[in-house]
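Chain identifiers are assigned alphabetically (A, B, ...) following the order of the sequence lines, protein sequences preceding nucleic acid strands; residue numbering begins at 1 within each chain.
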Amino acid sequence: MKNYDFAEVEAKWQKYWDEHGTFKASDDHSKPKYYNLVEFPYPSGHGMHVGHIKAYSGLEVVSRKRRLQGYNVLFPIGFDAYGLPTENTAIKDNIHPRVVTDRNIELFTSQLKKVGFSFDWSRVIDTTEEGYYKWTQWIFLKMFENGLVFRDKTLVNYCPSCKVVLSNEDSQGGKCDICHSDIVQRTKEVWYLRITEYADKLLEGLETVNYLPNVKLQQQNWIGKSTGAFVNFKIKEFDESLRIYTTRPDTLYGVTFMVIAPEHPIIQKYRDQITNIDALDAYKAECAKKSEFERTQLVKDKTGVKIEGLTAVNPITKKEIPVYISDYVMMGYGTGAIMAVPAHDERDYEFAKKFGIDIIEVIKGGDISKAAYTGDGEMVNSGVLNGITNKKDAIAKMLDELAKLGCGEAGVQYKMKDWAFNRQRYWGEPIPIVHCDTCGMVAVPYDELPLKLPPVENFEPGTDGESPLAKIESFVKCSCPKCGKPARRETDTMPQWAGSSWYFLRYCDPHNDKEFASKEALEYWMPVDWYNGGMEHVTRHMIYSRFWHKFLYDLGLVNTSEPYAKRTAQGLILGTDGEKMSKSRGNVVDPNDVVKQYGADVLRLYVLFMGDYEKAAPWSENSVKGCKRFVDRVWGLQDKLTDSDDYSDALRSNMHKTIKKVSEDIEAMKFNTAIAAMMTLLNDMYNAGSVTKREFRDFLIILYPFAPHITEELYEACGFGGVLSEQEWVSWDEALCVDATVEIVCQINGKIKCKLNIPKDSSKDEMIALAKEQAEIAEAMAGKSVVKEIAVPGKLVNIVVK
RNA sequence: GCCGAUGUGGUGGAAUGGCAGACACAGUAGACUCAAAAUCUACCGCAGCAAUGUGUGCGGGUUCAAGUCCCGCCAUCGGCACCA
């Protein structure tokens with residue numbers, strides 16, 4: 001036997017699979033299907049790092065196993081290639097982003113192929129290709145047609161460094177998701193997708209899918225549905241009312257003041273009648289200056305100004321109450337105005353203490369002289385509500401009262417906001433809308449799609465948040481599709497998340513130029529059976545794509561209401577220093593280096609063996625060597641092969657147990673213990689001194705999804721017939737997973753005294769009797785009385801004595 | 001502040017309430033070698049010569065039996081963050 005030349009063997013089988021189309025998803029729709037999806041990468045100039053490899057290796061193993069189980073497997077890959085880093089490289093090096101993108105895709109493709117992933121390379125997607133983004137624009141126009149696209153001039157998140165408007169999802173924590181600089185709030189007219197219209201559907205859909213619990217929870221929190229009531233408070237001085245949203249209408253009797261956001265429109269409406277308008281303007285200006293960071297730092301110190309000239313009237317008590325402006329009330333949530341109940345809300349309490357406002361207790365249970373009480377209790381000082389002890393009843397009763405008075409009704413609110421859908425940059429899908437002075441916003445006709453990106457000399461964004469496209473007159477100038485008069489094209493492009501919001505549908509039918517995918521292909525392949533990716537996409541890509549899919553479902557264009565039946569997430573690979581891998585820290589591991597030095601099979605095994613798949617774990621070069629040793633020992637096993645076509649007595653139950661363990665662990669994503677079980681089996685095979693043909697063949701099959709190259713090679717070298725990737729997955733016999741005898745432990749008062757080999761089906765009485773015969777047990781029991789005897793079949797005997 | 005997760009040897013990590021530390025890494029000793037690497041064999045939680053004791057973040061509890069279940073803390077990580 002010659003030494004294992006992994007470079008030669010891996011190249012050989014990668015070529016074989018490629019030439020034979022081994023992993024092409026079949027068009028034969030009579031076979032049972034399985035659709036595994038991994039998040040397609042953004043092709044950056046740095047190439048892939050080992051984190052990508054781990055992210056794809058999980059479902060890679062599942063895909064290879066499924067094929068052996070007889071499924072028609074769709075395991076596609078593509079590139080989510082629009083985005084700022086590519087554009088920034090283009091600007092810096094003065095190369096067209098198309099060229100940069102093609103170069104990066106080529107780099108990623110060669111890396112992925114070297115690892116031997118079983119992707120269907122005939123279905124590769126590139127979101128920046130005309131044949132693809134045509135359909136991204138097409139879906140956008142469908143949304144436009146159905147009233148889900150609108151423009152609005154409001155406060156937006158703006159990144160001064162990237163010079164783009166960001167969605168709420170892209171500015172989490174007040175930082176730009178692309179460059180991590182501080183976000184500022186700006187008033188700007190931008191595009192929105194009405195995702196809030198789907199808030200309830202997105203929430204309800206979570207009940208029907210199999211996602212990791214924390215994935216569901218994060219989405220629920222992001223959508224942030226709350227139920228409560230809208231209440232109108234009359235303004236004494238004018239024929240006007242101030243509408244608020246509250247989750248606690250039961251506390252209406254405790255309202256002693258109101259607070260509105262500094263930007264609330266009522267201030268502008270009555271600015272001539274408000275006597276301290278200068279003070280209000282000054283406060284508003286001060287708030288606008290504060291960064292997101294400062295606002296969160298000042299949580300404990302409430303500020304605000306009383307509005308002189310506006311007095312509100314509590315609709316239930318008819319009492320007159322003051323109105324304040326304060327930045328602890330946000331214009332973007334609810335109605336931008338609140339009723340303040342200082343006795344039972346911590347923020348209102350702090351505000352009332354600072355401004356010397358009355359605090360009226362309406363729920364018993366706390367000490368409101370010390371702090372706000374937010375718990376439950378008996379209603380007091382609350383007129384018709386007095387004596388009610390249940391919050392639900394109190395709310396219901398109050399809603400009745402409000403209805404009678406005609407000044408309020410039940411309502412719901414969401415934290416999720418509409419999706420700011422635009423970038424003021426070049427490298428994105430052009431938004432296919434024309435602005436006409438006569439007709440307003442007009443859709444580009446469907447037969448003119450794709451609306452192509454024009455050639456540009458200079459990709460630099462404009463200074464005042466304008467897209468580079470705005471500078472290209474030939475692009476901007478057009479005629480209105482409706483009335484034919486001169487008009488202007490929209491120059492914003494779509495955000496990075498557009499292309500990835502429907503890519504899983506395109507994989508079903510990637511070369512279709514008549515539809516985004518044929519109905520037949522969608523019906524066969526959808527939904528995605530298993531989707532794996534990173535936790536960082538849970539509240540963006542996942543929600544966005546579920547929204548697009550549900551929209552298409554409502555139009556009858558897709559056949560399932562949810563795109564993903566199951567969602568899991570892999571943990572990060574950290575650097576050897578235990579820190580997140582990053583270029584600046586210099587702790588990034590390049591998969592190419594590992595493949596070159598140890599081989600693709602070793603890399604694949606290690607990223608799955610290094611720890612719990614869902615948890616973060618640091619890279620360790622030494623542990624990579626451990627996997628290399630394992631692979632070499634597998635290679636060496638061919639020298640121990642006997643002629644027998646059956647399992648040997650020595651290894652029979654071991655084989656069944658390991659096949660069972662590996663089969664089940666793959667389904668549970670416990671790849672580390674699956675590999676450990678195969679290592680144990682391999683050690684046992686070496687200890688047995690020989691291995692039968694059947695044992696070796698079955699071992700190669702269960703190892704194949706993890707280490708496909710060496711197993712294919714050995715399968716061929718041992719003459720088992722055919723190629724391994726076309727064999728069937730092995731089954732196990734539950735009855736043969738148990739040994740004839742088992743080792744049990746004998747304990748006295750829970751302390752181990754001795755161990756004992758007994759027949760596996762011994763009864764409890766037999767076990768206890770046998771245990772008592774043991775010298776160690778007899779000795780420990782001498783002179784003591786037995787309190788209790790416990791026997792657990794196959795495990796232990798415990799005798800409690802006194 | 002709220003929500004969630006995690007806490008086990010020198011390291012990564014295993015353990016349907018039933019022998020804690022599987023599997024691997026590192027380490028120690030030995031074999032092979034002129035030598036080294038590779039490989040193979042043995043040992044390998046801590047304390048102790050040993051018998052033995054002790055041990056899964058901390059403090060309680062349930063149980064014949066707790067890493068695992070319950071109560072109360074602490075720490076680390078992640079998400080949200082004045083959401084009315």
When both hydrogen-bonding distances must be under 3.5 Å and the geometry is Watson-Crick or G-U wobble, what is [N] paired with, if anything?
N     : value
B/A84 : none
B/C2  : B/G79
B/U28 : B/A42
B/A65 : none
B/C19 : none

Length of the [atom1]-[atom2] vector between [X] and [N], whole Å:
X        : N     : atom1 : atom2 : value
A/Glu263 : B/C82 : CD    : P     : 13 Å
A/Glu536 : B/A5  : CD    : P     : 20 Å
A/Met610 : B/C25 : CE    : P     : 15 Å
A/Lys625 : B/G12 : NZ    : P     : 18 Å
A/Asn214 : B/U6  : CG    : C1'   : 12 Å
A/Phe609 : B/A22 : CZ    : P     : 12 Å
A/Lys415 : B/G79 : NZ    : P     : 15 Å
A/Asp665 : B/U16 : CG    : C1'   : 13 Å

For [X], which contact category applies under a 4.0 Å heavy-atom criterion: base, sugar-phosphate, or nothing?
X        : answer
A/Ala616 : sugar-phosphate
A/Asn683 : sugar-phosphate
A/Ile790 : base
A/Leu796 : base
A/Phe630 : nothing
A/Lys670 : sugar-phosphate
A/Gly626 : sugar-phosphate
A/Asp612 : sugar-phosphate
A/Asn672 : sugar-phosphate
A/Val792 : base

Which nucleotide sits closest to the side chain of [X]: [options]?
X        : options             : answer
A/Val329 : B/C23, B/C64, B/A84 : B/A84
A/Val745 : B/C23, B/C64, B/C19 : B/C19
A/Met679 : B/C82, B/A24, B/C64 : B/A24
A/Gln747 : B/G18, B/C23, B/A84 : B/G18
A/Thr673 : B/C82, B/A14, B/G13 : B/A14
A/Ser623 : B/C25, B/C64, B/C23 : B/C25
A/Asn798 : B/A65, B/A84, B/C19 : B/A65
A/Lys615 : B/G12, B/U6, B/A15  : B/U6

Is a donor-acceptor contact shorter than 3.5 angstrom present between the side chain of [X] and the base of [N]?
X        : N     : result
A/Glu743 : B/C19 : yes
A/Lys755 : B/C19 : yes
A/Asn622 : B/C25 : no
A/Lys302 : B/C82 : yes

So, OP1 or OP2 of [N]: does either fall under 4.0 Å of a side-chain N or O from [X]?
X        : N     : answer
A/Arg633 : B/C40 : yes
A/Arg629 : B/A26 : yes
A/Lys795 : B/G18 : no
A/Tyr333 : B/A84 : yes

What distance, rounded to whole Å, do you find between the two [atom1] atoms, one in [N] and one in [M]?
N     : M     : atom1 : value
B/A38 : B/U28 : P     : 13 Å
B/G13 : B/A22 : C1'   : 10 Å
B/C77 : B/U63 : C1'   : 33 Å
B/U39 : B/A14 : C1'   : 27 Å
B/A65 : B/C69 : C1'   : 13 Å
B/C64 : B/G72 : C1'   : 26 Å
B/G30 : B/A36 : P     : 12 Å
B/G1  : B/U11 : C1'   : 36 Å

### Task
Would you mind telling me which residue lines up with the more 5' stretch of RNA chain B, A/Lys788 or A/Gly332, judged by nearest nucleotide?
A/Lys788
### Message
Reading RNA chain B from 5' onward, which residue's closest nucleotide shows up sooner: A/Tyr606 or A/Lys661?
### Response
A/Tyr606
Taking the basic N atoms (NZ, or NE/NH1/NH2) and the acidic carboxylate oxygens, is any pair closer than 4.0 Å for [X] and [Y]?
X        : Y        : answer
A/Glu409 : A/Arg243 : yes
A/Arg567 : A/Glu39  : yes
A/Asp327 : A/Lys284 : no

### Message
Run A/Glu664 and A/Lys660 through salt bridge (charged side-chain N to carboxylate O under 4.0 Å, His left out) and show every step you take.
### Response
CA-CA 6 Å; A/Glu664 292 177 348; A/Lys660 174 183 157 86; 3.5 Å; yes
### Query
With a 6.0 Å cut-off on ring centres, are A/Phe355 and A/Phe257 close enough?
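No, the ring centres sit 6.0 Å or more apart.
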### Query
If anything within 90° of 0 is syn and all else is anti, what is B/G10?
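You should classify B/G10 as anti.
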Have [X] and [Y] got a donor and an acceptor in their side chains that come within less than 3.5 Å?
X        : Y        : result
A/Ser167 : A/Tyr544 : yes
A/Glu734 : A/Trp732 : yes
A/Tyr613 : A/Thr568 : no

### Query
Of A/Asp665, A/Ile675, A/Leu608, A/Asp612, which meets side chain to side chain contact (heavy atoms under 4.5 Å, CB included) against A/Lys670?
A/Asp665
### Message
So for atom NZ, which belongs to A/Lys596, do other residues, nucleotides or ligands contribute more than 12 heavy atoms lying within a distance under 6.0 Å?
### Response
no
